[in-house]
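The structure under discussion appears below in the form of structure tokens.
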Amino acid sequence: MGERIGIFGGTFDPVHVGHLVAAVNAKHALRLDRVIMMVANVPWQKVGRRSVSPAADRLALVEAAVGGVPGVEAGRAEIDRGGDSYTADTLQELSEAHPGAELFVLVGWDVAPELGTWARVEEVKRLASLVVVNRPGAGPPRGLDGRGWRVEEVTVPNLEISSTDLRERAAEGRPLDYLVPEAAVAVIRERGLYAVGR
Ligand code: ATP
Ligand code: MG
């Protein structure tokens, strides 16, 4: 049997425990061998709407955050590839690198309704199963049935945490502790991200 690999893509600006709890619970529920937290190089759907921290900083945060979590790792393939990040390219690359592996793309409830806007979505459907996890602030996605997705639903603890809120907290000098893994908070401080301590 091939490896079962979860791909959890995100901007992770910054990574937070909501991401990690979703990753480990999806890993457990679906008996995945590992989950790759794939850091988007250019999250093209967010560009122009807000400023996105440099990819190298976001990767450093995810690397720090997953340090002690077995089977959860930081993915840098989209950064190494450069340019806009497309999940279809990432899956293509992974399926070539790991023939026989079963791929699972993880998304939260807020992202699931946007799948239709993804580039080359038919390729994504062909190459991977979709894993949908609950997230406060959004409802369960409708309209995935009959569109050719292989869907798995995983229920995770509801954690009302978002990177948007964390960036605001940091800018206002409010604490990120326990919402962001300690090692990642240290990287935020070291690098002076999100104007912490301004
Ligand atoms: P932003 O507010 O900047 O959009 P975010 O918190 O939504 O940040 P992203 O990097 O956009 O984080 O999300 C990456 C993936 O993680 C998405 O699939 C999203 O649905 C999922 N996700 C983010 N936060 C949670 C959470 N608290 N619970 C479950 N899933 C989450
Ligand atoms: Mg988001």
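Counting convention: from 1, in listed order, for ligands and their atoms alike.
- No side-chain donor-acceptor contact under 3.5 Å links Asp110 to the backbone of Ala138.
- Summarising the contacts of atom 9 (P) of ligand 1 with Glu168, Gln45, His19, Met37, the nearest heavy atom is found in His19.
- Annotation for ligand 1: atoms under 4.0 Å from non-hydrogen atoms of Gly9 are 14 (C), 15 (C).
- Among protein heavy atoms, atom 20 (O) of ligand 1 sits closest to Asp110 OD1, 2.5 Å.
- For atom 4 (O) of ligand 1, the closest non-hydrogen atom of the protein is Lys46 NZ, 3.1 Å.
- One N or O on the side chain of Asn134 and one on the backbone of Val156 form a donor-acceptor pair closer than 3.5 Å.
- Proximity of a side-chain donor or acceptor of Ser129 to a complementary backbone N or O of Val151 within less than 3.5 Å is not detected.
- By the rule that hydrophobic residues join a cluster once side-chain heavy atoms approach within less than 4.5 Å of another member, Leu20 and Val187 end up as members of one cluster.
- Looking at Asp165, its side chain never comes within 3.5 Å of a backbone N or O of Ile161 through a donor-acceptor pair.
- Checked against Glu78 for a side chain to side chain donor-acceptor pair (under 3.5 Å), the options Thr90, Thr87, Asn41 give a single hit: Thr90.
- No part of Glu114 comes within 4.0 Å of ligand 1, judged by heavy-atom distances.
- Near Thr11, the atoms of ligand 1 lying under 4.0 angstrom from a non-hydrogen atom of the residue are 10 (O).
- Taking atom 27 (N) of ligand 1 as the reference point, the nearest protein heavy-atom neighbour is Leu159 O, 2.9 Å.
- By the criterion of a heavy-atom distance under 4.0 Å, both the backbone and the side chain of Thr164 are placed next to ligand 1.
- Of all the heavy atoms of Asn158, none lies under 4.0 Å from any atom of ligand 1, so neither backbone nor side chain is involved.
- Atoms of ligand 1 found under 4.0 Å from any heavy atom of Val107 (numbered from 1 in listed order, with element): 18 (O).
- From the protein, the heavy atom lying nearest to atom 18 (O) of ligand 1 is Gly108 N, 3.1 Å.
- Near Arg167, meaning under 4.0 Å from any of its heavy atoms, are these atoms of ligand 1: 3 (O).
- Within the listing of ligand 1, atoms 15 (C), 16 (O), 18 (O), 21 (C) sit less than 4.0 angstrom from a heavy atom of Phe8.
- Heavy atoms of Glu160 found under 4.0 angstrom from ligand 1: none, in either backbone or side chain.
- Phe8 and Leu159 fall within the same hydrophobic cluster, where Ile, Leu, Val, Met, Phe, Trp and Tyr residues are linked whenever their side-chain heavy atoms come under 4.5 Å apart, directly or through other members.
- Within the listing of ligand 1, atoms 17 (C), 18 (O), 20 (O) sit less than 4.0 angstrom from a heavy atom of Val111.
- At least one heavy atom of Asn134 sits under 4.0 Å from some atom of ligand 1.
- For ligand 1, the atoms closer than 4.0 angstrom to any heavy atom of Ile161 are 24 (N), 27 (N).
- No side-chain donor-acceptor contact under 3.5 Å links Arg34 to the backbone of Arg4.
- Looking only at protein heavy atoms, the nearest one to atom 31 (C) of ligand 1 is Arg135 CD, 3.7 Å.
- The atoms of ligand 1 that sit less than 4.0 Å from any heavy atom of Gly10 are 10 (O), 14 (C).
- Side-chain atoms of Arg167 come within 3.5 Å of backbone N or O of Asp13 as a donor-acceptor pair.
- Counting heavy-atom neighbours within 6.0 Å of Arg50 CZ, excluding the residue itself, gives a total above 12.
- For residues 13-47, the pairs satisfying ring-ring contact (aromatic ring centres under 6.0 Å, His included) are Phe12-His19, His16-His19, Trp44-Tyr86, with sequence neighbours left out.
- In the hydrophobic cluster analysis, where Ile, Leu, Val, Met, Phe, Trp and Tyr join through side-chain heavy atoms closer than 4.5 angstrom, Leu61 is grouped together with Leu59.
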